**Student:** 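I have a structure I would like to understand better, so I am pasting it below and will then ask my questions one at a time.
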Amino acid sequence: MSKGIFVVGTGTDIGKTYVTGLLLKYVREMGYGATYFKAALSGAIKDKNGSLIPRDAVEVLSVAGLEEDTDFLVPYIYETEVSPHLASQIEGNPVNLKTVKEAYEKVSRKYDYIVMEGSGGIVCPIRYEGKDDENNIMLEDIIKYLDLDVILIADAGLGTINSIVTTVEYLKNRNIHVCGIIMNNYKDELMENDNIKMVEDLCDVPVIAKVYQNDKNLLPDVDVDELISYFK
């Protein structure tokens, strides 16, 4: 069985999918047999034959230079561009944890390492049947069910201290380990560098990479062996 890492964003539209692609590309270029996986993806588009194309998965595979069947890597695909819990209420086919794990295990038999992308921020409902329903699934439930650690993607700019600290504390309170933080849209400015210092001091979690806008490669501040050690 392979080892995996779970990529969480501090919120929507912070570049999590793009950075996930750069992370996967870096690991593969260092000679590791790695792939992408996502439990539930919404906002897919239909091709001319009516089949759903999972855009996030296509973007990651393109950035990473990996050719693979996206249906193999994403067990739940929805067209409606909302949280997966609402998409499944609209379209049917709600997420089942057992199905996600079975799909993950199939992928793990083909690849040595899996970079798994989450949906939205950490407080993202994946399935919701009503208050206190035993079938409800939050994003954190998938992370814990697969027993993975986390890399957190955040925007480097204004407001990121609050977003990062609250996300890290939420994860720690649920006994989910955060290995490192990647800052996206980095410009090497005073405020951004202070943001890095502050979140490292407040969270005791290292910033392992800084991604400039339109970067084509991930240049981490840790070597690949340390990065690979985050996978479990």
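If you're wondering where the values come from, they're calculated on a predicted model, not measured in any experiment.
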**Student:** Any pair with a residue in residues 202-228 that passes ring pair (Phe, Tyr, Trp, His ring centres under 6.0 Å), sequence neighbours left out, goes on the list, sorted by first then second residue, please.
**Tutor:**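 Output for this query lists Tyr186-Tyr212.
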
**Student:** Hey, what do you get for CD1 (Ile182) to CG (Leu218), rounding to the nearest 0.5 Å?
**Tutor:**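 Answer for the CD1-CG pair, Ile182 versus Leu218, is 5.0 Å.
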
**Student:** Indicate every side-chain donor-acceptor pair of residues 153-168 with a distance under 3.5 Å to a residue at least two apart or in another chain.
**Tutor:**
from	atom 1	to	atom 2	distance (Å)
Asp155	OD1	Asn185	ND2	2.8
Asp155	OD2	Gly157	N	2.8
Thr160	OG1	Asp155	O	2.5
Ser163	OG	Gly159	O	3.3
Thr166	OG1	Asn162	O	2.7
Thr166	OG1	Ser163	O	3.2
Thr167	OG1	Ser163	O	2.7

**Student:** Is atom CG of Asp201 surrounded by more than 12 heavy atoms (other residues, nucleotides or ligands) closer than 6.0 Å?
**Tutor:**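 Yes, enclosed.
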
**Student:** What I want to find out is whether Asp112 reaches Lys3 closely enough, with some N-O distance under 4.0 Å, to be called a salt bridge.
**Tutor:**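 Salt bridge between Asp112 and Lys3, a charged N being under 4.0 Å from a carboxylate O: no.
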
**Student:** May I have all residue pairs that pass ring pair (Phe, Tyr, Trp, His ring centres under 6.0 Å) and include part of residues 126-164, sequence neighbours excluded?
**Tutor:**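 Qualifying pairs: none.
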
**Student:** Is it the case that more than 12 heavy atoms not belonging to Gln213 sit under 6.0 Å from its CD atom?
**Tutor:**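 For Gln213, atom CD is not crowded (no more than 12 foreign heavy atoms under 6.0 Å).
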
**Student:** Test Val74 against Phe37 for side chain to side chain contact (heavy atoms under 4.5 Å, CB included), laying out the working first.
**Tutor:** CA-CA 6 Å; Val74 188; Phe37 187 83; over 6 Å; no

**Student:** Side chains of residues 63-71: which donor-acceptor partners sit under 3.5 Å, not counting sequence neighbours?
**Tutor:**
from	atom 1	to	atom 2	distance (Å)
Glu68	OE1	Lys110	NZ	2.8
Glu68	OE1	Tyr111	OH	2.5
Asp69	OD1	Asp71	N	3.1

**Student:** Which ring pair (Phe, Tyr, Trp, His ring centres under 6.0 Å) pairs, counting each pair once, include a residue from residues 65-95, with sequence neighbours left out?
**Tutor:**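 Residue pairs with at least one partner in residues 65-95: there are none.
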
**Student:** Which atom pairs, donor and acceptor, lie under 3.5 Å between side-chain atoms of residues 203-210 and protein residues at least two apart or in another chain?
**Tutor:**
from	atom 1	to	atom 2	distance (Å)
Lys210	NZ	Asp221	OD2	2.8

**Student:** Would you mind checking if Lys197 and Glu192 are paired as a salt bridge, meaning a charged N to carboxylate O distance below 4.0 Å?
**Tutor:**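 Here Glu192 does not pair with Lys197 in a salt bridge, since their nearest N and O are not under 4.0 Å apart.
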
**Student:** Taking Asp47's backbone N and O only, do any of them form a donor-acceptor pair with Ser51's side chain (distance below 3.5 Å, no angle check)?
**Tutor:**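 Answer holds: no.
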
